[in-house]
Amino acid sequence: AAVVYARAVGEAPEQLPAAAGGSHSAPVAAPDALPRRLQAPRPVVTRAEGLRLYLSSSNSTGYKGVRKGGRGVRFQAAQSAGGGKQVHLGYFAT
């Protein structure tokens with residue numbers, strides 16, 4: 001969904017790196033063995049298919065223009081069209 005948004009609005013401008021979080025030195029079990037709430041967060045993807053993606057710290061998905069979807073899909077992409085209107089870009093599994 002973030003790739004579709006980046007294609008629709010153009011590549012994101014260069015972004016400053018996020019502040020590094022603390023590191024954990026304790027051994028960790030295989031990811032599938034731990035409950036989801038205890039698994040390490042997945043790394044943030046900043047580039048995909050040759051495009052720089054728009055990151056968002058105020059969005060629960062982490063990407064501008066992407067929100068959690070409905071209708072049995074995981075994500076929905078939309079672009080602002082001005083005047084409070086949104087242009088629907090599609091529903092996506094990833």
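Positions are given from 1, in the same order as the sequence printed here.
In terms of heavy atoms, Asn59 sits closest to Gly65 at ND2-N, 4.4 Å. The shortest heavy-atom contact between Leu53 and Ala2 is CD2-O, 3.7 Å. Considering every non-hydrogen atom in both Leu51 and Val3, the closest pair reads CD1-O, 3.9 Å. The shortest non-hydrogen separation linking Ala77 to Ala1 is CB-O, 3.7 Å.
By the 4.5 Å heavy-atom criterion applied to side chains, Lys68 and Gln76 are not counted as neighbours. Looking only at side-chain heavy atoms (C-beta outward), Thr46 and Arg52 stay at 4.5 Å or farther from each other.
How far OG of Ser60 is from CZ of Arg67: 10.5 Å, rounded to the nearest 0.5 Å. To the nearest 0.5 Å, the span separating CD on Gln79 from NZ on Lys64 amounts to 9.5 Å.
Panel note: side chain Ser56, backbone Gly62; no donor-acceptor pair is recorded below 3.5 Å.
Here Tyr5 pairs with Tyr54 under the ring pair (Phe, Tyr, Trp, His ring centres under 6.0 Å) rule; sequence neighbours left out.
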